[in-house]
**Q** 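Dropping a structure here in structure tokens format, bear with me for questions.
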Amino acid sequence: MNYKADSPQDYIAQLPPERQEVISLLRNTILKNIPKGFKEQISYGMLGYVVPHSVYPNGYHCDPKLPLPFINLASQKNFVALYHSGIYADSKLYNWFVAEYPKHCKRKLDMGKSCIRFKYMNDIPYELIAKLCQKMTAQDWIASYERNTRPSNK
């Protein structure tokens, strides 16, 4: 779903009431647990948590005018999505999350490369999301990002 918002509060205010509560809880979980060095903003029409240019001046390689994206949170038509770039870039983090998920949720993990989909609003593992947010600092993310985007010397 596409929302036109200028701030995280504006984004949340546009959601249906049942999604406002869930997105607000996830947002607060992220804000309380994400390490220093990340900034919350609207990014790609969603709530975004990025490495700002003040920390990483190079920005996002696809469009250096944009800060380096890390986590996005969105209310989609049939689910709430948490996009975590670190899971996509770091197989150790991915494997940890996949192994931990069943310990926190009754339902099967529904996940793409970086997208964790929550279709059941009453079965979201907030504690696990908190731990996931704590696992990678801005500097860790920058290092991983640079390793994964640097052209190989062949």
Side-chain angles (χ1 to χ4, degrees), residues 1-3 5 8 11-12 15-16 18-53 55-56 58-63 66-152:
M1 309 260 323
N2 242 347
Y3 296 97
Y11 179 88
I12 292 168
L15 302 175
E18 65 277 4
R19 290 289 180 92
Q20 286 181 11
E21 181 180 357
V22 169
I23 294 290
S24 292
L25 285 168
L26 281 165
R27 176 183 181 232
N28 290 334
T29 299
I30 293 167
L31 288 172
K32 287 178 184 172
N33 290 283
I34 198 167
K36 292 192 184 320
F38 295 101
K39 178 184 173 196
E40 182 184 46
Q41 66 177 42
I42 296 298
S43 181
Y44 301 99
M46 304 175 264
L47 299 183
Y49 303 86
V50 302
V51 180
H53 283 105
V55 175
Y56 188 65
N58 294 350
Y60 185 41
H61 75 280
C62 293
D63 184 352
L66 296 175
L68 180 61
F70 181 56
I71 295 175
N72 285 82
L73 180 59
S75 178
Q76 304 292 4
K77 182 177 180 179
N78 296 313
F79 54 88
V80 167
L82 180 95
Y83 302 89
H84 192 291
S85 297
I87 283 180
Y88 178 70
D90 183 334
S91 60
K92 187 176 174 184
L93 184 58
Y94 172 87
N95 291 336
W96 170 84
F97 185 80
V98 169
E100 286 296 311
Y101 191 87
K103 300 173 188 176
H104 297 266
C105 269
K106 299 177 286 207
R107 302 187 191 278
K108 182 180 174 191
L109 175 60
D110 184 358
M111 185 172 167
K113 290 180 179 179
S114 72
C115 177
I116 306 159
R117 291 177 282 275
F118 301 110
K119 293 180 182 169
Y120 301 94
M121 303 301 110
N122 61 348
D123 195 24
I124 295 177
Y126 296 100
E127 184 181 316
L128 180 60
I129 299 306
K131 290 177 184 176
L132 175 62
C133 289
Q134 297 167 4
K135 292 272 184 192
M136 190 173 271
T137 66
Q139 292 306 316
D140 293 338
W141 172 230
I142 290 166
S144 179
Y145 174 77
E146 288 183 343
R147 272 193 311 276
N148 287 301
T149 57
R150 186 176 300 134
S152 61

**Q** Is it the case that more than 12 heavy atoms not belonging to Q134 sit under 6.0 Å from its CD atom?
**A**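 It does: Q134 CD has more than 12 such atoms within range.
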**Q** When rounded to the nearest 0.5 angstrom, what distance separates NE2 in H84 from CZ in F97?
**A**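 Interatomic distance, H84 NE2 to F97 CZ, rounded to 0.5 Å: 9.0 Å.
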**Q** Under 3.5 Å, side chain of S144 to main-chain N/O of D140, donor-acceptor pair present?
**A**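 No; judged by distance alone, with no hydrogens or angles, the pair does not exist.
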**Q** Give, for atom CG of L128 and atom OG1 of T29, the distance between the pair rounded to the nearest 0.5 Å.
**A**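 Result: 11.0 Å between the selected atoms.
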**Q** Is any side-chain heavy atom of L73 closer than 4.5 Å to a side-chain heavy atom of V80?
**A**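 Yes, close enough: below the 4.5 Å cut-off.
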**Q** Under the side-chain hydrogen bond (donor to acceptor under 3.5 Å, both in side chains) rule, what pairs show up with a residue in residues 93-102, not counting sequence neighbours?
**A**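 Listed once each, the pairs are E100-K103.
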**Q** Indicate yes or no: at least one non-hydrogen side-chain atom of Y126 is less than 4.5 angstrom from one of N28.
**A**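 No, their side chains stay 4.5 Å or more apart.
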**Q** For the side chain of D123 and the backbone of R107, is there at least one donor-acceptor N/O pair under 3.5 Å apart?
**A**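 Looks like yes, one N/O pair under 3.5 Å.
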**Q** Report the distance from atom CG of L68 to atom CH2 of W141, rounding to the nearest 0.5 Å.
**A**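 Separation between the atoms: 6.0 Å.
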**Q** Do you know the tightest heavy-atom contact between N72 and Y44?
**A**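 Result for this residue pair: ND2-CD1, 4.4 Å.
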**Q** Is Y56 close to E146 at the side-chain level, that is, under 4.5 Å between some pair of heavy atoms?
**A**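 Side-chain contact under 4.5 Å: yes.
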**Q** Compare every heavy atom of C133 with every heavy atom of I71, then report the nearest pair and how far apart it is.
**A**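 I71 and C133 have their closest heavy atoms at CD1-SG, 4.1 Å.
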**Q** Does I142 form a side-chain contact (heavy atoms from CB on, under 4.5 Å) with V55? I'd like the steps, not just the answer.
**A** CA-CA 10 Å; I142 290 166; V55 175; 4.1 Å; yes
**Q** With rounding to the nearest 0.5 angstrom, report the CG to OG distance, L26 to S75.
**A**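 If I round to the nearest 0.5 Å, the distance is 10.5 Å.
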**Q** Would you check if L132 and L82 make a side-chain contact, meaning some heavy-atom pair closer than 4.5 Å?
**A**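 Yes, their side chains come closer than 4.5 Å.
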**Q** Show the nearest heavy-atom pair for residues S43 and V50, with the distance to one decimal.
**A**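 Closest pair (atom of S43, atom of V50, distance): OG-CG1, 4.2 Å.
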**Q** For A130 versus N33, what's the shortest heavy-atom pair and its separation?
**A**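 Looks like CB-ND2, 3.3 Å.
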**Q** To the closest 0.5 Å, what do you measure between CD1 (I129) and CD1 (I116)?
**A**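 Here the interatomic distance stands at 5.0 Å.
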**Q** Taking all heavy atoms of A138 and all of K36, pick out the closest pair and write down the distance.
**A**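 Nearest heavy atoms, A138 then K36: CB-O, 4.1 Å.
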**Q** Minimum heavy-atom separation for A74 to Y11, with atom names?
**A**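 That closest heavy-atom pairing would be CA-OH, 3.3 Å.
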**Q** Which pairs, with at least one residue in residues 19-33 and sequence neighbours excluded, count as a salt bridge (Lys or Arg N to Asp or Glu O under 4.0 Å)?
**A**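 Sorted pair list: R27-E40.
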**Q** Tell me if the CZ atom of F79 is crowded by more than 12 foreign heavy atoms within 6.0 Å.
**A**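 Enclosed.
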**Q** Test of understanding: with ring pair (Phe, Tyr, Trp, His ring centres under 6.0 Å), list the residues that count as partners of H61, not counting sequence neighbours.
**A**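 In terms of ring pair (Phe, Tyr, Trp, His ring centres under 6.0 Å), with neighbours along the sequence ignored, H61 is linked to Y145.
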**Q** Given side chains that start at C-beta, do those of F70 and I34 come closer than 4.5 Å, heavy atoms only?
**A**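 Of all side-chain heavy-atom pairs linking I34 with F70, at least one is under 4.5 Å.
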**Q** Output the distance between atom CD1 (I87) and atom NZ (K135), rounded to the nearest 0.5 Å.
**A**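 Output value for this atom pair is 11.0 Å.
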